[in-house]
Amino acid sequence: MKPIRKAIFPVAGLGTRFLPATKAMPKEMLTVVDRPLIQHVVDEAREAGIEHMIFVTGRNKGVIEDHFDKQYELEATLKERNKTTELELLAADTPAAGMTSFTRQQQPLGLGHAVWCARDIVGNEPFAVVLPDVLVLNEPGCLKQMVEAYSKQKDKANIIAVEEVPMDRVHMYGIVGVGKEAGPSMPITRMVEKPKREDAPSNLSITGRYILQPEIFDILENQQTGAGGEIQLTDAMITLSKSQPFYAVKFEGRSYDCGSKLGFLTANVAYALNRKDIAGELRAELQQLLG
Ligand code: UTP
């Protein structure tokens, strides 16, 4: 079983639901408490043992590359001012040399297309895909739970993170049908992108984390546009599922869709309440606001 060493972070989307905030700034740099979304998911990937972070970027996304670089002037100033805690924080967050890659998706043609743009950097090995606008608050993190489930499967297994959603919202998500539970992973029998309530095989929605085999790239190469006129990763996974097993992992923890305003605001409150340094004061502020 080959280990999962590489993760793709697709960050080339337009973030239209967050305009005007995302006019000049990437959605993935919006902060939840004091860390950008993209840093939260890179932290999750590192915890899961991922070594190489691959970012699929687009126009206006250069600041993401800067975020993962050394900032010499800033570090020199912090040193002069004896700000050792901040210096240590920056050092801990900086990825190892040579372990980040940036490639471009020149046009936002869809998630499937963004993943395909990283095919050469991934090569012929299994890999993870992590959507930076989906945060999962839990220890261990969602990807670590998936890697553990993956290590218990046979070669060429694919894993998708799923969570339950209300039946009246299934039309908004990719939904999977599952067979009998075998440990923490359930064999996937069906995948449908945004089904009508009456056609949905379950209420288990695909939640922004995947472990995939490299054969997906050949399928994506010829993938036609699907829902929303975009090249959909789910459509390619449906094809791959005819020749390779797919498993759903119902992860521990709650996800926050930080691509939506409500999800983003809720994530900020949840993550802040999870932080010893500010939870107490924030709770008092919230109580006052809510009367
Ligand atoms: P979303 O559909 O949630 O992001 O894609 P979006 O398109 O940026 O946002 P809205 O809907 O316009 O508000 C999930 C992730 O996939 C990336 C996005 O950057 C986001 O992190 N993505 C999406 C790409 O990299 N390329 C694409 O063509 C589409």
Side-chain angles (χ1 to χ4, degrees), residues 6-32 35-45 53-65 67-68 100-122 127-136 142-143 160-163 165 169 171-175 193-194 205-210 212 216-217 220-221 223-237 255-267:
K6 299 179 182 177
I8 301 176
F9 302 90
V11 293
L14 297 178
T16 50
R17 284 170 292 166
F18 256 103
L19 283 168
T22 48
K23 192 176 163 199
M25 183 187 66
K27 171 171 79 175
E28 298 78 11
M29 289 301 289
L30 291 171
T31 53
V32 167
R35 296 171 89 67
L37 288 173
I38 192 70
Q39 182 71 61
H40 280 285
V41 288
V42 164
D43 294 346
E44 184 184 328
M53 315 291 168
I54 304 165
F55 302 89
V56 181
T57 74
R59 283 171 57 75
N60 284 338
K61 305 281 181 166
V63 66
I64 296 177
E65 201 161 340
H67 178 76
F68 290 105
T100 50
S101 295
F102 296 83
T103 186
R104 280 255 176 171
Q105 184 191 27
Q106 287 89 348
Q107 277 179 283
L109 298 178
L111 177 61
H113 184 260
V115 168
W116 180 71
C117 288
R119 65 198 178 282
D120 241 38
I121 305 171
V122 171
F127 61 97
V129 177
V130 183
L131 300 197
D133 48 5
V134 178
L135 293 192
V136 178
C142 180
L143 196 59
I160 300 177
V162 298
E163 70 181 339
V165 293
R169 293 171 71 98
H171 64 281
M172 299 163 68
Y173 304 98
I175 299 289
E193 189 59 50
K194 302 188 173 65
S205 87
I206 299 176
T207 318
R209 306 280 187 273
Y210 314 78
L212 296 170
I216 195 90
F217 292 126
L220 284 169
E221 178 136 18
Q223 187 63 53
Q224 302 299 309
T225 52
E230 295 194 335
I231 297 175
Q232 297 286 353
L233 184 60
T234 306
D235 291 341
M237 293 194 302
S255 78
Y256 298 91
D257 174 11
C258 296
S260 79
K261 293 179 189 71
L262 192 64
F264 174 73
L265 293 170
T266 315

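Atoms within a ligand are numbered from 1 in the order they appear, just like the ligands themselves. One is the number of the first residue; the rest follow in order along the sequence. Given the structure is predicted, the values throughout are model-derived calculations rather than measurements.
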### Summary
Near Pro108 (heavy-atom distance under 4.0 Å), the atoms of ligand 1 are 28 (O)
### Message
How long is the straight-line distance from NZ of Lys27 back to CD1 of Ile64, given to the nearest 0.5 Å?
### Response
10.5 Å
### Query
Can you tell me which residue and heavy atom of the protein come closest to atom 12 (O) of ligand 1, and the distance to 0.1 Å?
Thr16 OG1, 2.5 Å
#### Entry: Best match, Pro10, Gly13, Cys117: closest heavy atom to atom 15 (C) of ligand 1
Pro10
### Message
With heavy-atom distances below 4.5 Å as the criterion, would you say the side chains of Lys61 and Glu28 are in contact?
### Response
yes
### Task
Would you mind checking which non-hydrogen protein atom is closest to atom 11 (O) of ligand 1, with the distance to 0.1 Å?
Arg17 NE, 3.2 Å
### Query
Does some side-chain heavy atom of Arg209 sit less than 4.5 Å from a side-chain heavy atom of Val41?
yes
### Close approach, Gly259 and ligand 1, non-hydrogen under 4.0 angstrom
no
#### Entry: Basic-acidic side-chain contact under 4.0 Å: Arg119, Glu221
no
### Task
Report the part of Lys27 in contact with ligand 1, treating N, CA, C, O as backbone and CB onward as side chain, heavy atoms under 4.0 Å; options are side chain, backbone, both, neither.
side chain
### Task
Kindly identify the option in Thr57, Asp257, Asp133, Leu233 whose heavy atom sits closest to atom 1 (P) of ligand 1.
Asp133
### Query
Taking side chain as C-beta onward, heavy atoms only, is Met237 less than 4.5 Å from Ile216?
yes
### Gap separating the CZ atom of Arg59 from the CG atom of Leu14, nearest 0.5 angstrom
10.0 Å
### Query
Tell me: protein heavy atom nearest atom 8 (O) of ligand 1, and distance?
Gly15 N, 2.8 Å
### Query
What are the atoms of ligand 1, with element, lying closer than 4.0 Å to any heavy atom of Pro132?
21 (O)
### Location of contacts on Glu28 toward ligand 1, heavy atoms closer than 4.0 Å
side chain
### Steps toward side-chain contact (heavy atoms from CB on, under 4.5 Å) verdict (Asp235, Gln224)
CA-CA 9 Å; Asp235 291 341; Gln224 302 299 309; over 6 Å; no
### Query
Under 4.5 Å between any side-chain heavy atoms of Lys23 and Leu19, yes or no?
yes
### Validation row, ring centre Phe68 to ring centre Phe102 under 6.0 Å
no
### Summary
CD1 of Ile206 to OH of Tyr173, rounded to nearest 0.5 Å, is 12.5 Å
### Query
Got the closest protein heavy atom to atom 28 (O) of ligand 1, with its distance?
Gly110 N, 2.7 Å
### Query
To the nearest 0.1 Å, how far is atom 26 (N) of ligand 1 from its closest protein heavy atom, and which atom is that?
Gln105 OE1, 2.7 Å
### Task
May I ask you to identify the nearest protein heavy atom to atom 25 (O) of ligand 1, giving residue, atom name and distance to one decimal place in Å?
Ala12 N, 2.8 Å
### Message
Do Pro10 and Leu131 have side chains that approach each other closer than 4.5 Å (heavy atoms only, starting at C-beta)?
### Response
yes
### Atoms in ligand 1 flagged as close to Leu109, the criterion being non-hydrogen separation under 4.0 Å
28 (O)
### Atom indices of ligand 1 within 4.0 angstrom of Ala114 heavy atoms, with elements
24 (C), 25 (O), 26 (N)
### Query
Quick one: does Leu14 get an N or O within less than 3.5 Å of an N or O on ligand 1?
yes
## Note on the structure
A student checking ligand 1 against Val11 at a 4.0 Å heavy-atom cut-off should list atoms 19 (O), 25 (O)
